[in-house]
Amino acid sequence: MFQNILDFVFGRLKPSDFVHDPIMAGAGFAMVGALVLAVIGLTYFKKWGWLWRNWITTLDPKKIGIMYILVSVVMLLRGLADALLLRAQQASNDAAGTLLSSDHFQQIFSAHGSIMIFFVAMGIIFGIFNLIIPSQIGARDVAFPFLNSVSFWLFASGMILINAPLVVGEFSTAGWLAYPPLSELQYSPGVGVDYWIWSLQIAGIGSLLSGINFFVTIIKMRAPGMTLMKMPIFVWSALTSTGLIMFAFPILTATLGMLALDRLLGMHFFTADGGGNPMMYVNLIWAWGHPEVYILVLPAFGIFSEVVSTFSGKKLFGYTSMVVALLAIAILSFTVWLHHFFTMGAGADVNTFFGIMTMIIAIPTGVKVFNWIFTMYRGRVRFTTPMLWFMGFIVTFTLGGLAGVLMSVPPADFQFHNSLFLVAHFHTMIVGGVLFGAFAGFAYWFPKFTGFTLNERLGRYAFWNWIIGFLLAFIPLYILGFMGATRRLDHYDPSMGWQGLFIVAGIGVAIICVGVFFQLLQLGYSIWKRNDNRVGSDPWNGRSLEWSIASPPPEYNFAVIPTVTTRDEFWELKKKKRASLLKPAYEDIWLPKNSGLGPIIGAFALAFGIAVIWHMWWLVVISLIGVIVTMIIRLTSDNTEYKLTAAEVAKHELKRGIV
Amino acid sequence: MRSVVEETAIQEKKTLGFWIYLMTDLILFASLFATFAVLRGQTAGGPGGHDLFDMPFVLLETMILLTSSFTVGLAILGSNRGYKKQTILWLIVTFVLGAAFLALELSEFSYLAAEGNSWQRSAFLSAFFTLVGTHGLHIAIGLLWLIIMVIRLVKFKFRQTDLNRLALFGLFWHFLDVVWIFIFSIVYLIGGMA
């Protein structure tokens with residue numbers, strides 16, 4: 001009887017699920033400890049109200065963007081710790097499992113991949129969208145501010161779920177894409193795959209909503225006069241990226257949903273028995289997965305385009321061809337998914353089609369690389385840290401891109417499939433493309449949102465450690481791939497002669513860690529010495545509208561919405577030296593009121609995730625009702641906005657003018 | 001209050017956003033349709049569509065749903081012309097038809113499950129229940145939306161914001177109708193062939 005009640009309340013959760021091996025327990029304790037410290041600190045300094053009013057309930061995209069970036073940075077450290085463990089295991093070739101057992105090793109590589117893609121790269125992309133897009137298109141807000149908050153809190157819920165296995169239960173051992181039939185109940189009966197499914201599902205729905213939100217923002221909220229071909233190139237990259245999100249993420253939602261139904265209700269979509277088809281899953285997940293690669297990298301292209309033209313003091317070379325290239329990549333990205341599994345056996349004709357389409361993508365990408373180089377050509381290049389990241393990117397991206405073209409040849413791919421060559425390839429693209437882009441963007445736009453620049457010297461140290469460590473970490477993997485080393489090995493026969501290269505790769509990751517240490521030091525030092533680095537609103541002699549407003553920008557961004565006449569509007573204005581002698585005509589501004597309902601929906605989503613993972617069916621019902629009721633409350637409530645009168649705006653502007 | 005120009009701009013954003021949401025939902029359905037098409041023959045020795053589907057019953061379901069799409073159109077026409085009573089009346093008729101459709105679908109599901117042909121029987125039935133069930137889930141959400149909307153229309157005497165939402169609801173309901181026509185054709189007509 002008592003046991004029945006316990007089973008009803010806690011589902012399949014048992015006290016033993018909290019017991020972990022030392023490494024995981026250590027990570028779990030560190031995480032819980034940090035949370036406890038944060039709670040004590042907030043209580044001691046009486047900051048709960050401040051946190052709730054200024055951050056948790058905010059609908060200001062700039063603050064939501066900063067929260068995205070914060071979460072991503074923490075998750076980057078988590079993913080890096082995972083990478084360190086993986087590299088240590090492979091470098092030591094520890095067959096006995098004294099460091100990591102096979103099972104733990106598998107959990108770590110699954111977590112590393114999932115976290116890096118969904119909670120680092122996606123988080124950074126949405127963070128930068130939130131921070132930059134409204135101010136670059138001359139808007140005060142995004143199209144749907146409340147939806148934006150919901151998106152963020154769903155992302156945060158997913159993040160908590162994917163880290164929860166450190167404390168309770170276990171994570172998936174089925175790799176970052178959880179191919180069935182391994183990820184089916186028959187072979188993975190534990191909670192691991194369920195953690196993977198629901199953290200991605202919840203965060204993925206947030207991403208989909210965010211994609212719709214920014215697409216509508218860009219289409220409908222540009223400043224008067226800003227035609228599509230006058231948009232800054234970063235906005236173009238965001239438009240194509242969000243377009244891809246709208247097409248790709250519903251496929252992910254459906255696919256994860258079907259895998260979940262297989263596991264929860266005993267369906268047979270992807271099972272080995274009952275007529276299920278595991279390759280259907282692989283096709284579906286890559287129909288989302290390949291566009292996802294471009295969802296991540298297109299905004300990075302946009303950042304680099306902004307950086308290279310600003311720091312070369314020139315307009316971007318070949319703007320129109322850049323736009324065409326973005327659109328071409330976006331469309332082609334849906335025609336190449338099968339190159340992730342040429343070995344499926346679809347036949348020579350199908351493989352040839354997908355091989356050729358993959359090679360064609362290299363053309364618009366090559367156009368972009370040449371455009372960036374021509375932008376630098378005869379420009380007055382300033383070698384600041386964003387520019388260093390850009391040049392590091394050009395080198396690594398070209399290297400990785402060539403490796404990609406090599407793999408797009410189906411017969412060659414039969415050799416490279418699932419080898420470390422592939423691992424090296426996609427890390428070169430995602431680290432060298434997305435992450436370097438994010439670092440460049442971080443250094444470039446940091447002064448816009450804080451009012452002071454990052455320390456240049458420490459930034460250079462970080463860059464050089466990163467680029468050297470990066471090449472040391474991944475070039476050996478290309479070689480190992482040629483030597484036949486497959487991915488996801490926790491040990492190998494010493495006679496293969498691989499260990500030396502694995503040790504070099506491990507040293508590379510250690511050097512990357514030094515780079516990350518310098519980045520954290522740079523951030524801390526720059527904040528500490530912020531009064532030495534105070535800059536005005538336009539520290540880099542920028543070209544687009546975000547540099548025309550104060551740093552940090554007021555909540556309403558633009559006191560007066562600008563009228564745009566040219567592509568590099570702010571740059572042209574500066575050339576004409578047309579200072580605003582006219583008294584600006586302020587008008588009333590409507591801004592969204594804070595709302596606690598976004599985080600509440602996130603909390604219910606988190607409860608739903610926990611409930612469905614641990615089979616606490618009562619909580620599934622309650623949390624679903626909670627989500628629905630909260631949404632109805634929001635949709636039926638009035639007075640969600642407040643007015644800032646023209647006089648108040650004038651007062652704000654005047655105050656900042658004096659300060 | 002905001003100016004009329006601003007209100008129009010906000011409504012335009014909402015309409016575009018809702019259209020885009022519908023398109024993303026369509027892709028979700030497309031994934032389920034593709035899965036159904038692939039798994040249609042995978043009956044694992046169990047019954048196929050030809051053995052299970054009762055065509056006159058499905059035709060009845062289809063007619064009810066199509067009629068509800070017609071009545072929601074009448075409601076929106078009525079609201080455009082300011083005929084409040086007719087709007088409410090047609091919305092209630094829409095609700096009744098939608099609820100009847102859902103009840104029929106659930107009875108079909110429970111009949112299949114009772115006969116031992118549940119979603120666990122074969123990949124074909126998994127795909128069938130998921131695709132048709134996802135549509136049914138949308139209908140259920142639409143019915144909830146309808147209840148709240150009727151209450152608000154009556155309570156607030158046809159405010160513009162509620163009328164705008166009524167137009168969006170119309171889009172949603174027609175969209176579900178279009179999806180159902182594809183379910184009728186692909187799942188029941190083609191899937192029901194021997």
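Every value quoted in this text rests on a predicted model; they were computed, and no experiment measured them. Order of the sequence lines fixes the chain letters, A, B, ..., with proteins taken first and strands second; residue numbering starts at 1 for each chain.
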Segment of B:I27 engaging chain A (4.5 angstrom heavy-atom cut-off):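 Answer is both: backbone and side chain atoms of B:I27 are under 4.5 Å from chain A.
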Where does B:L144 contact chain A at under 4.5 Å (heavy atoms): side chain, backbone, both or neither?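 Side chain only.
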Pairwise distance CD1(A:I219) to CG(B:L16) - rounded to 0.5 angstrom: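 With rounding to 0.5 Å, CD1 (A:I219) is 7.0 Å from CG (B:L16).
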Side chains of [X] and [Y], heavy atoms from C-beta outward: is any pair under 4.5 Å?
X: A:L635; Y: B:R165; answer: yes
X: A:M246; Y: B:M23; answer: no
X: B:Q42; Y: A:N277; answer: no
X: B:T15; Y: A:K220; answer: no
X: B:F129; Y: A:L265; answer: no

Determine whether B:T35 and A:M280 satisfy the following criterion, side-chain contact (heavy atoms from CB on, under 4.5 Å), listing intermediate values before the conclusion. CA-CA 7 Å; B:T35 310; A:M280 185 69 203; 3.7 Å; yes
Taking every heavy-atom pair that is under 4.5 Å apart, which of A:G276, A:G274, A:A287, A:A143 has the most such pairs with chain B?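 When all of A:G276, A:G274, A:A287, A:A143 are compared, A:G274 has the most.
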Could you check whether any side-chain N or O of B:S126 sits under 3.5 Å from a backbone N or O of A:H268, counting only pairs where one atom can act as donor and the other as acceptor?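 Pair found, side chain donor or acceptor close to backbone of A:H268.
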So which of B:G17, B:G41, B:A30 has the biggest tally of heavy-atom pairs under 4.5 Å with chain A?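 Most heavy-atom pairs within the cutoff with chain A belong to B:G17.
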